[in-house]
Amino acid sequence: MTAMLSIDDVHTYYGDSYVLQGVTLELKPGQVVALLGRNGVGKTTLVRSIAGLTPAQRGRIVFRDTDITRMPAYRIARMGIGLVPQGRRVFKSLSVKEHLQVTARGDGQWNFDRVVGLFPNLQSRLRSLAGKLSGGEQQMLAAARALVGNPEILLMDEPTEGLAPLMVRELGKTIESLKAAGTSILLVEQQLAFALRYADIVFIMSKGRIVHSCTPAELAKDSETKARYLGV
Ligand SMILES: Nc1ncnc2c1ncn2[C@@H]1O[C@H](COP(=O)(O)OP(=O)(O)OP(=O)(O)O)[C@@H](O)[C@H]1O
Ligand SMILES: [Mg+2]
């Protein structure tokens with residue numbers, strides 16, 4: 001199977017601050033890859049490098065057959081890489097419906113009706129301003145906004161952060177639907193149980209590098225790795 005996304009020896013800086021120190025990782029078609037690691041190890045920076053928001057200085061990021069390493073973010077998004085950013089980043093003064101209208105792209109399977117159908121909580125709040133939604137509803141909106149762009153790859157950066165258990169379950173169902181539809185997902189997660197339930201493969205990051213890769217079942221049994229890199 002050829003890779004959907006291949007990240008090869010990527011190095012990324014914020015000014016003089018050297019954050020990603022040679023990250024190599026592969027996402028295959030239809031796979032859910034979990035990216036785990038303690039706070040500040042560089043998970044979001046990797047997501048930003050893929051999305052073109054903080055481009056890598058060295059190394060290569062290839063989407064299908066296209067080198068996207070230094071492509072501008074809007075082009076990467078248009079090519080089919082959707083982003084659910086950490087902290088949701090919805091537009092407070094746009095309604096739910098307006099969010100989905102302004103970000104719709106392409107004539108793929110995720111049209112307005114289908115996306116709204118996936119999120120019952122949003123369906124009843126189409127006219128509400130995003131700033132008036134609960135944290136969980138805003139997270140759903142961030143996911144829905146990425147989906148109407150019909151991405152082939154979805155980058156989800158800590159989608160369960162701050163969600164009540166019921167909303168976490170809803171989000172899990174969404175991930176299952178996306179997976180069934182063949183979307184590849186890079187899932188950055190702090191909730192280990194959630195990541196292990198939905199991931200096909202797990203990568204662990206420490207100090208700007210991938211230090212471990214295994215199946216969810218292997219990680220579940222590996223208390224040494226969990227203690228050393230995840231603090232659990
Ligand atoms: N805009 C920025 N400018 C300078 N340094 C930054 C910036 N954003 C993040 N950093 C630093 O880069 C490092 C990696 O941050 P990053 O946000 O990628 O970590 P993370 O693994 O996503 O953490 P968390 O689990 O808390 O979300 C940290 O040391 C952080 O302080
Ligand atoms: Mg982060």
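Counting convention: from 1, in listed order, for ligands and their atoms alike.
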Within a distance of under 4.0 Å, is there any protein heavy atom near atom 13 (C) of ligand 1? yes

Is any protein N, O or S atom closer than 2.8 Å to the Mg ion (ligand 2), and if so, which? T44 OG1, Q86 OE1

Which atoms of ligand 1 are found less than 4.0 Å from any heavy atom of Q190? 25 (O)

Does a donor on one side chain and an acceptor on the other come within less than 3.5 Å for H212 and Y229? no

Check: T44/D157 side-chain N/O donor and acceptor closer than 3.5 Å: yes

Aromatic ring centroids of H99 and F91 under 6.0 Å? yes

Distance alone, cut at 3.5 Å: any donor-acceptor contact between the side chains of S6 and E26? no

Is the number of heavy atoms from other residues, nucleotides or ligands within 6.0 Å of CZ (R60) greater than 12? no

Nearest-0.5 Å distance that lies between atom CG in L129 and atom CZ in R127: 12.0 Å

What distance do Q191 atom CD and L196 atom CG have between them, rounded to the nearest 0.5 Å? 11.0 Å

Under a 4.0 Å heavy-atom limit, does M205 contact ligand 1 with its side chain, its backbone, both, or neither? neither

Ranked by distance from atom 17 (O) of ligand 1, the top protein heavy atom is T44 CB, 3.6 Å

Does any N or O atom in G37 lie less than 3.5 angstrom from one in ligand 1, N or O only? no

Which option out of T45, L36, L20 puts a heavy atom nearest to atom 15 (O) of ligand 1? T45

Looking at NZ of K173 and CG of L178, how far apart are the two atoms once the value is rounded to the nearest 0.5 Å? 14.0 Å

Flag yes if more than 12 heavy atoms outside K226 fall under 6.0 Å of its NZ atom; otherwise flag no. yes

Could you check atom 26 (O) of ligand 1 against the protein and tell me its nearest heavy-atom contact, residue, atom and distance included? N39 ND2, 2.9 Å

Of all protein heavy atoms, the one nearest atom 23 (O) of ligand 1 is G40 N, 2.8 Å

For atom 31 (O) of ligand 1, is the nearest protein heavy atom closer than 4.0 Å? no

For ligand 1, the portion of E158 having any non-hydrogen atom under 4.0 Å away: side chain

Is the contact between V19 and ligand 1 made by the side chain, the backbone, both, or neither, using heavy atoms and a 4.0 Å cut-off? side chain

Which atoms from ligand 1 have a heavy atom of Q86 less than 4.0 Å away? 27 (O)

Distance from L186 atom CG to L154 atom CG, nearest 0.5 Å? 9.5 Å

Starting from atom 25 (O) of ligand 1, locate the nearest protein heavy atom and write down its residue, its atom name and how far away it is, to 0.1 Å. K43 NZ, 2.7 Å

Just by distance, no angles: are the side chains of T12 and T54 close enough, under 3.5 Å, to form a donor-acceptor pair? no

Among non-hydrogen protein atoms, atom 5 (N) of ligand 1 lies closest to Y14 CD1, 3.4 Å

Any donor-acceptor pair under 3.5 Å from K43 side chain to G37 backbone: yes

Distance (rounded to the nearest 0.5 Å) between I50 CD1 and L46 CG: 4.0 Å

